[in-house]
Amino acid sequence: MATQDGSAEVIMESDTRPNDGEPLEGDSESSSQTDSGNATTQDSSISNGDDADEQQEMVDLKIIWNKNKYDLKIGIDATGAMLKDKIHSLTGLPPSMQKVMYKGLLPEEKTLREIKVTNGAKIMVVGSTMNDVLAVNTPKEVIQQEVKAEENKKEPLCRQKLHRKVLDKGKPEDIMPAVKGTKERLPTVPLSGMFNKSGGKVRLTFKLEQDQLWIGTKERTEKVPMGSIKNVVTEPIEGHEDYHMMAFQLGPTEASQYWVYWVPAQFVDAIKDTVLGKWQYF
C-alpha cells in the first residue's frame, strides 16, 4: 500500500507467530533432549568411579623404596597382595619382585586391618627390577642350590666338631624363650642371648628401614646390607629342637658364613623371609 508521500508501507504479518510463553512446534522434543542431556551431565559429575573407595575406611601410608618415598591411600581392608599391586603402579616394581616390610615381612593373604597397619605407617619395600636382576652375574638361587647340595653330603651340622665346641657349652641362661612348631613374626626388640662361633654373646637387630642386619657383639656391631647376604642355613639343635643354629652367608663360599647358635625356632622362618624374601634372585 502507498502512503501519501508515495513511499511503500510494509505491513508485518503476526497472526501466525506464537505467544512468547508458548513453545514452538517441535520444541518439546528438543527441550526433552536438552533436559536429558543436562541430567546425564549432572549425573556424570556426581560419580567418578571412586564411590566404593569413599565408602570404606582408608589409611594413608608412606611407601619407601630405593631411597624414594611415595604417598599412598588405600582401604584398611585391602590385602597384602592388593597393596603390592598399588606399589607396582607407584614404582613400576612387579609384585613378584617386591619384599614388603611392616614389622617383618608383610603377609599377602591378610588384610591391613588384620596386621594392624595404622594411619601414617611407613611401609618398606625392597626389590630390584628385572633389568637389575638380569645384570647380576651369580644369582643367589644358584648359590643356594650349590650350598644345599654340599650340605646333603655331610653329617648333621650340630655333630660337627666345629659346632660342638660351642653347643657343648649348653644353652645360655639369658636366651630368649623358644616355642617349637610355631611361626612368629620378628619381635620389635633385637634377638639376644645367643652365641657366635667363638662362643661370645651375639644379638641380631633387623633394621628394615635401612635394609640392614646388625650383628652385635660386646666388641662391635657389624651393619650388613641384607642384599649382600647370599644364603641362610639353619638346622635344629639335637636334643633342643626348639632352638636352631643359623649361618648367614656373607660371601660366595662357606668360608664367609657367620654362625649364630640358639636361635628360637619360632623366629627362624621370619628371619629367612626378612633377609632373603620369598624371591631370591640377587
Side-chain angles (χ1 to χ4, degrees), residues 52-53 56-136 139-141 144 182-191 204-214 223-232 234 246 248-249 263 266-282:
D53 288 341
Q56 63 175 310
E57 183 180 351
M58 309 291 287
V59 288
D60 292 310
L61 305 179
K62 183 73 70 175
I63 308 298
I64 302 174
W65 172 69
N66 199 22
K67 298 183 179 180
N68 296 317
K69 296 181 180 180
Y70 305 85
D71 293 320
L72 174 64
K73 177 175 285 190
I74 190 172
I76 190 67
D77 293 311
T79 63
M82 295 168 65
L83 176 59
K84 282 190 170 185
D85 289 336
K86 292 286 188 180
I87 293 173
H88 180 205
S89 65
L90 285 176
T91 65
L93 186 65
S96 61
M97 307 291 285
Q98 297 175 23
K99 184 166 62 172
V100 182
M101 306 289 190
Y102 180 73
K103 298 180 181 179
L105 193 68
L106 188 141
E108 292 188 0
E109 69 281 359
K110 291 188 177 181
T111 66
L112 304 185
R113 187 189 302 274
E114 289 175 326
I115 59 179
K116 296 180 173 55
V117 173
T118 57
N119 197 50
K122 292 183 179 180
I123 305 296
M124 305 303 303
V125 180
V126 180
S128 301
T129 63
M130 186 58 68
N131 289 337
D132 294 334
V133 172
L134 295 177
V136 177
K140 184 179 289 187
E141 61 180 353
Q144 287 181 312
T182 63
K183 297 180 181 180
E184 296 183 12
R185 301 176 68 181
L186 290 176
T188 56
V189 298
L191 296 177
L204 302 178
T205 305
F206 296 88
K207 293 290 185 178
L208 302 182
E209 293 189 5
Q210 291 87 7
D211 192 30
Q212 293 178 343
L213 169 62
W214 290 13
K223 301 179 180 180
V224 182
M226 292 189 191
S228 69
I229 301 176
K230 304 300 182 181
N231 192 30
V232 178
T234 66
M246 176 178 291
F248 299 98
Q249 185 170 327
V263 178
Q266 69 269 26
F267 299 129
V268 168
D269 286 341
I271 292 173
K272 295 176 70 174
D273 285 344
T274 299
V275 173
L276 301 175
K278 292 185 178 180
W279 55 274
Q280 303 167 11
Y281 291 104
F282 65 93

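Bear in mind that the values here come from a model prediction, so they are computed numbers and not experimental data.
Here Met97 contributes atom CE and Lys84 contributes atom NZ; the two are 11.0 Å apart, rounded to the nearest 0.5 Å. We find the NZ-NZ distance between Lys110 and Lys116 to be 9.0 Å, quoted to the nearest 0.5 Å. Taking CG of Leu106 as the start and CG of Leu83 as the end, the distance is 6.0 Å to the nearest 0.5 Å. Atom CD of Gln266 and atom CD of Glu184 lie 4.5 Å apart (nearest 0.5 Å). Between the CE atom of Met58 and the CG atom of Asp77 there is a distance of 10.5 Å, given to the nearest 0.5 Å. Rounding to the nearest 0.5 Å places CD1 of Ile87 at 5.0 Å from CD of Gln98.
Between Trp214 and Val224 there is no side-chain heavy-atom pair separated by less than 4.5 Å. Side-chain contact check for Ile123 versus Tyr70: every heavy-atom pair is 4.5 Å or farther apart. The side-chain heavy atoms of Leu61 and Lys86, taken from C-beta on, include no pair separated by under 4.5 Å. With contacts defined as side-chain heavy-atom distances shorter than 4.5 Å, the pair Phe206/Val275 qualifies. Looking at heavy atoms from C-beta onward, Arg113 lies in side-chain contact with Glu57 at the 4.5 angstrom threshold. With contacts defined as side-chain heavy-atom distances shorter than 4.5 Å, the pair Asp273/Lys99 does not qualify. Two residues are said to be in side-chain contact when any heavy atoms from C-beta on lie closer than 4.5 Å; Ile271 and Met246 meet this criterion. Considering only heavy atoms from C-beta on, Val263 stays 4.5 Å or farther from Thr234 through its side chain.
Closest approach of Glu209 and Lys122 over heavy atoms only: OE2-CD, 3.9 Å. Taking every heavy atom of both residues into account, Leu276 and Ile229 meet most closely at CD2-O, 3.9 Å. Contact between Glu114 and Thr111 at its shortest, heavy atoms only, is OE1-N, 2.9 Å. Here the closest heavy-atom approach between residue Leu105 and residue Thr274 is recorded as N-OG1, 4.2 Å. Contact record, Pro225 with Lys223: CD-O, 3.6 Å, taken as the closest heavy-atom pair. Across every non-hydrogen atom of Ile115 and Pro107, the tightest pair is CG2-CG, 3.8 Å.
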Let me see the working for Thr118 and Val59 under side chain to side chain contact (heavy atoms under 4.5 Å, CB included), right down to the final yes or no.
CA-CA 7 Å; Thr118 57; Val59 288; over 6 Å; no

Go through the steps to decide whether Lys103 and Leu208 satisfy the test side chain to side chain contact (heavy atoms under 4.5 Å, CB included), and finish with yes or no.
CA-CA 8 Å; Lys103 298 180 181 179; Leu208 302 182; over 6 Å; no

Which is it for Phe248 and Leu204 under the side chain to side chain contact (heavy atoms under 4.5 Å, CB included) test, yes or no, and what are the steps along the way?
CA-CA 11 Å; Phe248 299 98; Leu204 302 178; 3.9 Å; yes

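Judged by distance alone, the side chain of Asp60 and the main-chain N or O of Asn119 form no donor-acceptor pair under 3.5 Å.
For Lys62, the side chain to side chain donor-acceptor pair (under 3.5 Å) partners at least two apart in sequence or on another chain are Asp71.
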